[in-house]
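Right, one structure below, let's go through it.
Quick note: numbers below take in every heavy atom, side chains included, and nothing from hydrogens, waters or symmetry partners. We count ligands from 1, going down the list as the structure has it; atoms in each ligand are counted the same way.
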Amino acid sequence: MAIRLGDIAPDFTADTSEGTIEFHKYLGDGWGVLFSHPKDYTPVCTTELGRVASLKSEFDKRNVKVIALSVDPVDSHKGWIKDINETQNCSVNYPIIADPEKKVSEMYDMIHPNALNNLTVRSVFIIGPDKTVKLTLTYPASTGRNFDEILRVIDSLQLTANYQVATPVDWKHGDDCVVVPAIKTEDIPAKFPKGHKVIKPYLRTTPQPDL
Ligand code: BEZ
């Protein structure tokens with residue numbers, strides 16, 4: 001059964017490149033990103049895992065723990081990490097789950113046999129502090145993901161959680177935000193003292209509240 005937005009992210013215990021991890025405990029009270037890749041020692045995956053390592057300070061800033069997964073065993077991950085560090089000029093600083101028995105992959109519906117036989121596709125799950133799934137994303141094996149976009153979604157989700165604003169099309173850090181429909185227009189000035197615009201009764205914008 002596929003995992004849907006709003007579902008509790010299934011908990012599990014798994015071997016990783018950094019030892020055994022209990023997933024919910026690993027996430028603690030913060031946010032999480034769980035992402036799968038098809039296979040160790042493959043080119044696109046090597047670039048992706050290097051990029052995620054280089055973005056560590058950006059994830060830390062947002063109180064996000066990152067964890068990767070593939071169906072290869074721990075020894076393979078450990079050998080491959082040396083190559084990632086060497087070729088991507090980084091130091092892999094997050095755990096990679098070893099899932100040779102496909103326990104977690106099946107729990108999270110990361111194997112799409114009609115697209116990629118027996119290997120995990122490029123899935124992403126963003127998980128909130130309440131352990132519910134806030135975003136799911138599935139990319140094909142041949143397309144590396146854009147982790148700047150993952151950070152952008154986390155920023156949007158955190159703005160919604162903390163300030164009751166949504167983000168419009170192509171929103172970037174610093175752009176105006178959209179006041180969520182649940183807030184009445186007459187309540188906007190008290191809640192958003194930086195100002196607001198009423199473009200339509202259902203389309204109200206305000207400067208990004210946390211700047
Ligand atoms: C890669 O990471 O380069 C890759 C993995 C599986 C299939 C195609 C590409």
K194 atom NZ: more than 12 heavy-atom contacts under 6.0 Å: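 Check passes, neighbour count above 12.
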E58/R62 ion pair, N-O < 4.0 Å: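 R62 and E58: salt-bridged.
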Geometric class of the F35/H37 ring pair [parallel <30°, tilted 30-60°, perpendicular >60°]: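 Ring orientation of H37 relative to F35: tilted.
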For the residue pair Y108 and F125, does the interplanar ring angle fall in the parallel (under 30°), tilted (30 to 60°) or perpendicular (over 60°) class?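 Judged by the thresholds at 30° and 60°, the geometry between Y108 and F125 is perpendicular.
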Between the protein and ligand 1, which nitrogen or oxygen pairs come in under 3.5 Å, and how far apart is each?
from     : atom 1 : to   : atom 2 : distance (Å)
ligand 1 : 2 (O)  : T42  : OG1    : 3.0
ligand 1 : 2 (O)  : V44  : N      : 3.2
ligand 1 : 2 (O)  : C45  : N      : 2.9
ligand 1 : 2 (O)  : R122 : NH2    : 3.0
ligand 1 : 3 (O)  : P43  : N      : 3.3
ligand 1 : 3 (O)  : V44  : N      : 2.7

Does K65 count as lying over the ring of Y26, i.e. NZ or CZ under 6.0 Å from the six-ring centre, within 45 degrees of the axis?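 Flagged: K65 positioned over aromatic ring of Y26.
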Is it true that a side-chain atom of D40 and a backbone atom of D72 form a donor plus acceptor pair closer than 3.5 Å?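 Absent.
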